[in-house]
Enquirer: 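Take this structure first; my questions come after.
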Amino acid sequence: MENQHTKKVLVVNGPNLGRLGVRQPDVYGSENFETLREKCEKWGAELGFEVEVRQSDDEAQMVHWMHEAADTHTPVVMNPAAFTHYSYALADAAHMVLDAGVPLMEVHISNPAARDAFRKISVISPVATGTITGMGLYGYKLALEAVAHLV
């Protein structure tokens, strides 16, 4: 799908991911959110993408970002964080991205299936193009590569 919309990729991050490097470094690593932003922009540029990295603790904001991506046919890499497990609103909005004909890759820094029981269920995975888990920040690079392959 080659058009004017495929050059941008939106990387969205859910609650508490703005606290990378501070929150549970044994699970999420010691690199901070700004490092994640820099890496995603660099990896995206290597693939020919303009990458915009966002983070919000607000579920409604994440839903609005999915609407924006659907309306502009912008591929998404999403780490929904805690919204993964219960946000049907975010899942419905994510589905609209796919309905718009662009990929939505779900990414998780840790492997939720190897953690607490409540983390084993994702309401986002069933509507995502694909899911990458447990690879640390490198998972974002893999997700961007997947988007490049798909578009």
Side-chain angles (χ1 to χ4, degrees), residues 1-25 27-85 87-112 122-151:
M1 180 173 166
E2 192 65 37
N3 64 38
Q4 72 274 16
H5 301 296
T6 59
K7 287 297 180 189
K8 180 176 180 180
V9 177
L10 188 57
V11 176
V12 298
N13 295 275
N16 299 309
L17 289 169
R19 305 284 295 162
L20 285 176
V22 174
R23 178 183 178 225
Q24 294 180 275
V27 175
Y28 300 105
S30 59
E31 295 178 294
N32 65 24
F33 186 76
E34 189 54 37
T35 299
L36 172 63
R37 177 188 315 280
E38 290 167 2
K39 285 184 173 193
C40 285
E41 289 172 353
K42 175 183 170 285
W43 292 329
E46 290 169 356
L47 296 165
F49 293 133
E50 173 195 343
V51 172
E52 184 176 344
V53 182
R54 301 176 183 174
Q55 187 277 325
S56 181
D57 298 327
D58 183 341
E59 183 178 16
Q61 182 63 67
M62 298 267 300
V63 168
H64 290 299
W65 289 339
M66 292 306 99
H67 295 171
E68 175 189 332
D71 291 347
T72 60
H73 301 273
T74 302
V76 173
V77 171
M78 180 200 308
N79 184 337
F83 296 145
T84 301
H85 315 294
S87 180
Y88 297 106
L90 186 56
D92 287 347
H95 198 284
M96 290 181 217
V97 174
L98 298 181
D99 289 344
V102 291
L104 182 142
M105 294 298 299
E106 178 186 19
V107 64
H108 296 280
I109 295 167
S110 69
N111 180 356
S122 170
V123 300
I124 305 299
S125 292
V127 300
T129 306
T131 302
I132 298 168
T133 69
M135 300 299 295
L137 298 189
Y138 183 70
Y140 288 83
K141 181 178 186 188
L142 296 173
L144 288 165
E145 289 174 350
V147 168
H149 172 74
L150 293 165
V151 298

Enquirer: Drop me the distance from Y140's OH to I132's CD1, to the nearest 0.5 angstrom.
Expert: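 The OH atom of Y140 sits 11.0 Å away from the CD1 atom of I132.
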Enquirer: Which residues pass the side-chain contact (heavy atoms from CB on, under 4.5 Å) test with V53, not counting sequence neighbours?
Expert: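 V53: side-chain contact (heavy atoms from CB on, under 4.5 Å) contacts with V11, N13, F33, R37, C40, V51.
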Enquirer: Look up atom CE in M66 and atom OG1 in T74, then write down how far apart they are to the nearest 0.5 Å.
Expert: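 Reported to 0.5 Å precision, the distance equals 10.0 Å.
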Enquirer: Give, for atom CG of L90 and atom CE of M62, the distance between the pair rounded to the nearest 0.5 Å.
Expert: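 Rounded to the nearest 0.5 Å, the CG-CE separation comes out at 5.0 Å.
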Enquirer: Can you name the nearest heavy-atom pair linking L144 to F49, along with the distance?
Expert: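 In terms of heavy atoms, the two residues are closest at O-CE1, 3.9 Å.
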Enquirer: Search all heavy atoms of A91 against all heavy atoms of V127 and return the closest pair with its distance.
Expert: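 Smallest interatomic distance, heavy atoms only, reads O-CG2, 3.6 Å.
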Enquirer: Distance-only, no hydrogens or angles: does the H73 side chain make a donor-acceptor pair with backbone N or O of A100 under 3.5 Å?
Expert: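 Yes.
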Enquirer: Could you list all the side chain to side chain donor-acceptor pair (under 3.5 Å) pairs where at least one residue sits in residues 95-107, not counting sequence neighbours?
Expert: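 Pairs touching residues 95-107 that pass the test: H95-D99, E106-H108, E106-S122, E106-S125, E106-T131.
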Enquirer: How would you list, by chain and number, every residue that makes a salt bridge (Lys or Arg N to Asp or Glu O under 4.0 Å) with E52, sequence neighbours excluded?
Expert: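 Salt bridge (Lys or Arg N to Asp or Glu O under 4.0 Å) list for E52, sorted by chain: K8, R54.
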Enquirer: Going by heavy atoms in the side chains, are W65 and V76 under 4.5 Å from each other?
Expert: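 W65 vs V76: side chains apart.
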Enquirer: Is there a side-chain contact between V151 and P75, using heavy atoms and a 4.5 Å cut-off?
Expert: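 Yes; the side chains approach each other to less than 4.5 Å.
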Enquirer: According to side-chain contact (heavy atoms from CB on, under 4.5 Å), who are the partners of E50, at least two apart in sequence or on a separate chain?
Expert: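 side-chain contact (heavy atoms from CB on, under 4.5 Å) check on E50 returns nothing, list empty.
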Enquirer: Could you go through the side-chain contact (heavy atoms from CB on, under 4.5 Å) check for V123 and F83 one step at a time?
Expert: CA-CA 8 Å; V123 300; F83 296 145; over 6 Å; no
Enquirer: Please find the pair of heavy atoms, one from L47 and one from A148, that lie closest to each other, and give the distance.
Expert: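 Looks like CD2-CB, 4.1 Å.
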Enquirer: Would you name the heavy atoms of A81 and G14 that are closest together and state the gap between them?
Expert: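 Distance-wise, the nearest heavy atoms are CB-C, 3.9 Å.
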Enquirer: Between CG of L36 and CG of L17, what distance do you get to the nearest 0.5 Å?
Expert: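 That separation rounds to 8.0 Å.
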Enquirer: Hey, mind stepping through M135 and V107 against side-chain contact (heavy atoms from CB on, under 4.5 Å) and telling me if it holds?
Expert: CA-CA 9 Å; M135 300 299 295; V107 64; over 6 Å; no
Enquirer: Could I get the full list of side-chain contact (heavy atoms from CB on, under 4.5 Å) partners for A89, not counting sequence neighbours?
Expert: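 So A89 forms a side-chain contact (heavy atoms from CB on, under 4.5 Å) with E59, V63, S87.
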Enquirer: Which atom pair, heavy atoms only, marks the closest approach of M105 to A143?
Expert: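 Heavy atoms of M105 and A143 come nearest at CG-O, 3.8 Å.
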Enquirer: Between P80 and T84, which heavy-atom pair has the shortest distance, and what is it?
Expert: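 Here P80 and T84 meet closest at CG-OG1, 3.0 Å.
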Enquirer: Go through the steps for K42 and E38 under the test salt bridge (charged side-chain N to carboxylate O under 4.0 Å, His left out), then give the verdict.
Expert: CA-CA 6 Å; K42 175 183 170 285; E38 290 167 2; over 6 Å; no
Enquirer: Mind checking the CG-CG spacing from L142 to L137? Nearest 0.5 Å is all I need.
Expert: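 Result: 11.5 Å between the selected atoms.
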Enquirer: Distance-only, no hydrogens or angles: does the Q55 side chain make a donor-acceptor pair with backbone N or O of V12 under 3.5 Å?
Expert: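 No, the answer is negative, given that no donor and acceptor are paired below the 3.5 Å cut-off.
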Enquirer: Which residues pass the side-chain contact (heavy atoms from CB on, under 4.5 Å) test with L98, not counting sequence neighbours?
Expert: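 With neighbours one apart ignored, the set is L104, T129.
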